[in-house]
Amino acid sequence: MSKLPKPAELAKVSYNNPATDWMDTPVEFKPGMYCHGSKPKSLEIVGFPNPRDWRPADADWKLPENWKEILIEGIADRLKKYRSFRLFMDICVRCGACADKCHFFIGTGDPKNMPVLRAELIRSVYRKEFTTAGKILGRMAGARDLTLDVLKEWWYYFYQCTECRRCSVFCPYGIDQAEITIIGRELLNLLGLNIEWIAGPVSNCYMKGNHLGLEPHTIVGNLEYMLDDIETVTGKRIKPSFNRKGAEILFVTPSGDLFADPGTYTCMGYLMLFEELGLDYTWSTYASEGGNFGFFTSNEMGKRLNSKIYAEAKRLGVKWILGGECGHMWRVLSQYMDTWNGPADFLEVPKSPITGTVFENAKSMKMVHIAEFTADLIKNNKLKLDPKRNDHLTVTWHDSCNVSRGMGMLEEPRYVLRNVVNNFVEMPEDTIREKTFCCGSGTGLNASEDMELRMKGGFPRANAAKFVHEHYGVNMLANVCAIDRATLKPLMDYWVPGVNVCGLHELVANAMIMKGEKERTTDLRGEPLPNVQAKEEKA
Amino acid sequence: MKAIVSFVAVLLLVAIGYMGGSAGSTSRFLFGVVAPYSAFAIFVVFMIVRILKWASSPVPFRIPTTAGQQKTLPWIKDSKIENPSSVFGVVIRMALEVLVFRSLFRNLKTQLHEGGRLAYGEAKWLWMAGLAFHYSFAIILFRHLRFFLEKVPYPIQLVESLDSFLQIGAPLLYLTDVALLGAVTYLFIRRVALPQVKYISLIADYFPLFLIFAIGATGVLMRYFTKTDIVGVKTLAMGLISFNPAVPETIGAMFYTHVFLLSVLFAYFPFSKLVHMGGVFMSPTRNMANTSREKRHINPWNYPVHVHTYEEYENDFRDKMKEAGLPVEKE
Ligand code: HEM
Ligand code: SF4
Ligand code: SF4
C-alpha cells in the first residue's frame with residue numbers, strides 16, 4: 001500500500017492543467033487513488049461476466065476478445081433504456097458551472113475529475129459511434145475511438161465519482177454525472193471490471209443477506225453484545241425479536257450498524273428507542289441489509305439485492321417497514337425500490353402506532369426513515385428527553401448526499417437534533433443541505449487501499465468541519481448514514497483531529513430518559529456524562 | 001488552437017456569404033432564398049427528429065435532483081419548487097430554469113486559500129452574461145418579425161421602442177444589439193481566460209459563439225454603418241414567407257452574408273449542443289416531481305431478475321439459525 005502523505009501536503013492542491021489536451025493525456029494509475037480489482041469468486045456467485053484474477057495496474061486486463069463490441073452494444077442498449085443518458089450525452093454546453101463543484105476535483109485538481117470532463121470521457125465515444133458529425137469529423141467534433149486506454153480511463157474515473165449529485169444541482173440542465181457514472185459502471189461490469197470492495201459485499205449480500213456477510217447467528221450475537229452494553233449504561237435488559245411473523249413493523253438498517261463503532265452506538269440507540277416505545281417490531285436476518293452495493297454495480301444487481309426487503313415483509317406479514325439511518329440506502333429506497341420490486345400492496349400505509357400519524361408521503365413504497373419517525377414522536381411529546389446529557393458535545397450536522405439530493409430529508413434530522421442536544425452549530429451554508437459535500441468515500445469507495453483518494457475527496461467536507469471546530473468548538477459530526485459513520489471518522493482523524501462522528505440515534509438514546517432506567521453515569525460510549533464529570537470535579 | 005479553427009471556419013463562412021451576395025442574380029437567389037429555406041427545413045425536421053429520439057427513450061426511474069426539503073410531516077415546511085411534489089411545483093421549477101436559469105444562479109466559485117482553507121465565493125457573471133445573451137438573442141429574433149409582417153403589430157413596436165429607449169444615435173441604438181455582442185464576447189473571453197473552461201472546450205464550443213457574433217456584427221454593420229435597402233429586404237422577407245420569393249436587385253452583399261450565416265446557424269443547430277434549447281425541458285432531474293414514495297413510478301422495461309430467496313437462505317443456514325434460537329419455516 002502506498003504511504004499516505006501528510007495533511008499539509010495533501011492540502012496543497014494544484015489546479016494547473018496538463019500541457020496536453022485531455023484526449024492526449026493518458027490515464028496514469030496512481031497508487032492510493034484506486035481500489036483492488038474484483039476477485040473471480042465475487043463475480044461468480046452472482047453470475048457476472050468475465051470472472052478472473054486481474055489487477056488494475058496490469059497492462060493486460062484479460063478482457064474478452066470482443067470487448068469493444070460488448071461495450072458499444074451496451075451503450076446502444078442504455079441509450080434506448082434511459083432518456084437521462086441519451087439527453088445528457090447531447091445537451092451539455094460545457095459552460096463549466098459544474099467543474100469546481102465536485103469534491104474530487106476540489107481535492108485532486110485533476111481536470112478529469114471535473115464532472116463535465118468525466119462525462120466527456122464517455123461522451124466522446126458516444127459521438128464517434130452514434131453521431132454523424134462524430135463519425136465524419138472525428139476529433140474535430142470532439143469524438144474519439146474506444147481504445148484500451150480509453151477504457152482504463154473510464155475505469156479509473158468512474159471509480160473516482162461517488163454519485164453524490166452535487167454537480168447536478170448546479171448544472172443549468174440538471175445533467176447528473178451520478179447517472180452517467182451509474183451507467184458507466186454498468187458498462188464496466190459487462191467486462192468484469194468491478195472493484196472488490198463493491199463486488200465482495202454484493203456477493204455477500206446476495207447469499208447472506210448483508211454486505212458484511214454476517215450469518216444469522218452472528219447478527220444475533222452482535223446485537224447481544226450491544227444489549228449487554230445497554231444494560232450496563234441503563235440497567236435495562238432489552239429482548240428484541242428476529243424473523244418474527246406477525247410483528248407490526250419490519251426494521252431494516254445497514255449492516256454497518258451491527259458491526260463496528262460508531263455505527264453500533266447508533267444501533268444501540270434504535271434498540272433503546274424501540275424498547276421505550278414498546279414497538280411491535282422485528283429484525284430480519286434475511287433482509288439484514290438496508291444499503292445496496294448492487295446499485296453501484298448495475299441496475300439489475302441493485303434490484304436483485306433490494307428484492308429481499310419487500311419479500312421478507314411479505315413473508316413475515318408485517319404492516320409496514322421502518323428503515324434505519326443510511327444515505328445511499330435511502331436514495332435507492334425512495335427513488336428505486338417501489339419501481340423495481342413493487343407494488344407492495346400486501347403492506348399498509350405506514351402509521352406510527354405511537355402517535356397515530358399516517359405517513360402519506362410513503363403511501364405507496366410503505367417505508368419510513370427513522371429520522372421521520374422520531375421527529376414525529378418528539379413533535380407529539382412521546383419521548384422524555386434530557387438534552388443536557390449531551391452537553392459535553394458541540395454537534396454539527398453532515399447532510400448525506402443521497403438523503404439530501406435524492407430525497408430531500410433535511411429538516412427532520414435537524415428537528416430531532418435540536419431536541420436532543422443543546423449545542424448545535426451549522427457548517428458554512430455552501431457546504432450543507434442540497435449543497436452538502438460528500439464524505440469522499442461513498443459508492444463503495446470506502447476501501448483502505450484508496451485512502452489517498454478518500455482523504456482528497458473528503459477534503460471539502462473536512463474543511464467545513466474544521467471551520468466550525470476552530471470557531472465554535474464543534475467536537476461531534478453527526479449524520480444519518482452508515483457509510484459516513486465508517487468513513488468520516490478516519491477523515492476527521494486525518495484532517496480535523498478532535499472531532500468525533502456519530503449517528504443521530506446515538507444522541508437520541510443518550511438524551512432519552514427511559515422508564516425504570518437507573519441513573520445514568522455514562523453515555524453509550526461509556527464516557528462519563530457531563531453532570532457526573534462536574535460532580536466528580538467538585539468532590 | 002480550437003478557437004482558431006472555429007474562428008477561421010466562421011471567417012470562411014463570412015467570405016462565402018459575401019461573395020455569394022456580390023455575384024450574379026442566380027447566386028443571390030441561392031443565398032437569399034435557397035439557403036434560408038433549406039436551413040429552416042433542416043432545423044425543423046431534425047429538431048423534431050432529435051426530440052422524438054429523446055422521447056423514444058423512457059424514463060425508467062423517478063430521479064429528480066431534490067434541492068430542498070421533501071414533503072413529509074405536515075408541520076415541516078416543504079420546498080414546493082426546489083423539491084416539487086406536485087405538477088404545479090414542477091411547472092414553476094421548470095419555468096424558473098428556462099426563464100431565469102435558476103440552477104446557474106446557484107453558481108459558486110470554489111477557492112483554495114493559503115493554509116488549505118476552502119472558500120466559496122459569489123460567481124454570478126456567467127449567469128448574467130448567459131441571461132443577457134439569450135434574452136437579447138430572443139428579443140432580436142422577435143424584432144425581426146417586422147420584416148415578415150405587412151403591418152408591424154403593436155407588440156413588436158413596443159419592444160422596439162423599449163429596446164431603443166436610450167434614444168442614442170440615428171438610427172436609434174438597440175440595447176439588445178450591444179448586449180448580444182457584449183455577452184457573446186464575454187462568453188468567449190471566459191472560455192479562453194479560465195483555464196478549466198478552456199481545457200474542457202471543444203471546437204464546437206467556440207464555433208457557435210463566433211457564428212452568433214458574426215451574425216450580430218453583420219446586422220449591426222448594416223443597421224448603423226453600411227446601411228441597406230430596407231424596402232428591398234422587406235420585399236425579400238415577405239416573398240419568403242408567402243412562398244413567392246423575389247430577389248430585389250438593390251440589397252447589398254452584407255445582407256446576404258448576414259442571412260447566410262443565420263442559415264448556417266439554423267442548419268447547424270439540431271446537430272450541435274444548441275439542442276439544449278429543447279433538451280432542457282426534458283431533463284428528468286428537473287422535470288419530475290419527487291413523488292416516488294407516494295405513487296409507484298412504472299419502468300416500462302422492468303424485468304424479473306434472479307434473486308436469492310428466503311427458502312434458499314434458510315436452507316443454507318437452517319442449523320445455525322436453530323442454534324441461535326431463530327424461528328425457521330422448515331424444521
Ligand atoms: C429554452 C431556451 C434556452 C435555454 C433555457 C437556454 C439556456 C442556456 C444556459 C443556461 C446556458 C449556459 C450559460 C451560458 O453559457 O450562457 C446556455 C448556453 C448557451 N446557449 Fe442557450 N438556452 C436556450 C436557447 C438557446 C438558443 C436558441 C441558442 C442559440 C441560438 C442558444 C445558444 C447558447 C450558446 C451558444 C451557449 C453557450 C455559451 C458559451 O459558450 O458559454 N441557447 N443556454
Ligand atoms: S454545468 Fe451542465 S452544461 Fe455546464 S458543463 Fe457541467 S454538465 Fe455541461
Ligand atoms: S456525482 Fe459527485 S462525485 Fe460524481 S462527478 Fe458529480 S460531484 Fe463529482
* Structure fact -> In short, A:A97 meets B:L126 closest at the heavy-atom pair CB-CD2, 4.4 Å
* Exercise: do B:T72 and A:E412 side chains pair donor with acceptor under 3.5 Å -> yes
* Using side-chain hydrogen bond (donor to acceptor under 3.5 Å, both in side chains) as the criterion, list what pairs up with B:R117, not counting sequence neighbours. => none
* Asked: What parts of residues 324-331 of chain B touch chain A if we use heavy atoms and a cut-off under 4.5 Å?
  -> B:A324, B:L326, B:P327, B:E329
* Any chance the rings of A:Y286 and B:F317 have centres within less than 6.0 Å? -> no
* Asked: For chain A, which of B:V98, B:I203, B:L187, B:L202 has the most heavy-atom pairs under 4.5 Å?
  -> B:L202
* Asked: Any ion pair linking A:D90 and B:R50 (charged N to carboxylate O, less than 4.0 Å)?
  -> yes
* Hey, are A:D338 and B:K295 close enough for a salt bridge, meaning a charged N less than 4.0 Å from a carboxylate O? -> no
* Asked: Tell me, side chain or backbone of A:A287 under 4.5 Å from chain B's heavy atoms, or both, or neither?
  -> neither
* Of all the heavy-atom pairs spanning A:K101 and B:N107, show the shortest one and how long it is. => NZ-OD1, 2.9 Å
* For A:H369, what residues pass the side-chain hydrogen bond (donor to acceptor under 3.5 Å, both in side chains) criterion, not counting sequence neighbours? -> none
* Flag the one option from B:L104, B:V59, B:V197, B:L73 with the top tally of heavy-atom pairs under 4.5 Å to chain A. => B:L73
* To do: Check whether any side-chain heavy atom of B:F61 sits under 4.5 Å from a side-chain heavy atom of A:Q335, and report yes or no.
  => no
* Provide the closest heavy-atom pair for A:T339 versus B:R296 in the form atom of the first, atom of the second, distance. => O-NH2, 3.1 Å
* If you round to the nearest 0.5 Å, how far is NZ of A:K80 from CH2 of B:W301? -> 13.0 Å
* To do: Give a yes or no on whether the backbone of A:C95 and the side-chain of B:R190 come within a donor-acceptor separation of less than 3.5 Å.
  => yes
* Value rounded to 0.5 Å, distance of CD1 in B:I63 from CZ in A:R83 -> 10.5 Å
* Asked: Please walk me through it: do A:E372 and B:R293 pass salt bridge (charged side-chain N to carboxylate O under 4.0 Å, His left out)?
  -> CA-CA 14 Å; A:E372 297 170 329; B:R293 296 170 72 195; 2.8 Å; yes
* Would a 4.5 Å heavy-atom cut-off, applied to side chains only, mark B:D316 and A:M207 as touching? -> yes
* Would you say the side chain of B:M321 lies within less than 4.5 Å of the side chain of A:H217, judging by non-hydrogen atoms? -> no
* **Which residues share a salt bridge (Lys or Arg N to Asp or Glu O under 4.0 Å) with A:E312, sequence neighbours left out** => A:R315
* Asked: What about A:F85 and B:W54, are their ring centers closer than 6.0 Å?
  -> no
